[in-house]
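Okay, so here's the structure we're looking at.
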Amino acid sequence: MLVERVEGFATEAEWQRAYKEIGSFERQLKDFGCILAKFWIHISRESNSAFQRTRGQRYKAWKLTEEDWRNRGKWKTMRGPRRKCW
């Protein structure tokens, strides 16, 4: 829901409902005895110099799309909503 929220693909009511549904589903799994492990991999902008290096390497540059570069520009915009996902 992070992308939908930041990109404006979902209204606030829609992403709030989705967060509640996700939380409810996770509680149901836990109540059934499932072990749910959630991981968030955070790579800081500064430590991700490989992103820039990849741009200049023809044999790797194909991996990056225009959307990757556009989303990189939204780093700060995603920070607040990202924290609320957990």
Side-chain angles (χ1 to χ4, degrees):
M1 283 308 306
L2 180 61
V3 171
E4 288 81 356
R5 180 178 175 181
V6 172
E7 294 285 340
F9 297 147
T11 65
E12 182 173 352
E14 290 170 334
W15 57 257
Q16 288 285 355
R17 186 193 77 233
Y19 284 158
K20 288 177 186 172
E21 289 175 0
I22 292 166
S24 175
F25 176 68
E26 290 173 350
R27 275 188 294 286
Q28 289 175 22
L29 289 173
K30 182 182 74 72
D31 292 346
F32 257 161
C34 293
I35 297 173
L36 183 65
K38 294 170 72 171
F39 297 90
W40 180 272
I41 299 173
H42 172 75
I43 301 170
S44 72
R45 237 184 132 109
E46 297 77 28
S47 68
N48 193 4
S49 59
F51 199 86
Q52 284 290 349
R53 284 195 312 267
T54 299
R55 177 182 231 170
Q57 299 174 346
R58 278 187 28 197
Y59 66 95
K60 286 186 177 182
W62 64 270
K63 297 177 184 181
L64 298 174
T65 66
E66 289 303 315
E67 187 173 354
D68 293 323
W69 291 103
R70 185 177 56 81
N71 288 337
R72 188 164 167 81
K74 296 181 179 187
W75 195 278
K76 289 182 181 177
T77 307
M78 290 190 182
R79 187 177 354 192
R82 184 175 61 224
R83 290 181 179 147
K84 293 180 180 174
C85 286
W86 300 89

Run the side-chain donor-acceptor check on residues 24-37: report pairs under 3.5 Å with partners two or more places apart or on a different chain.
unit_1	atom_1	unit_2	atom_2	d
Glu26	OE1	Lys38	NZ	3.2
Glu26	OE2	Lys38	NZ	3.1
Arg27	NH1	Gly23	O	3.3

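Between atom CH2 of residue Trp15 and atom NZ of residue Lys20 there is a gap of 10.5 Å, rounded to the nearest 0.5 Å. The CZ atom of Arg17 lies 10.0 Å from the CD1 atom of Ile22; values are rounded to the nearest 0.5 Å.
Considering all non-hydrogen atoms of both residues, Glu14 and Phe9 come closest at OE1-O, 4.3 Å.
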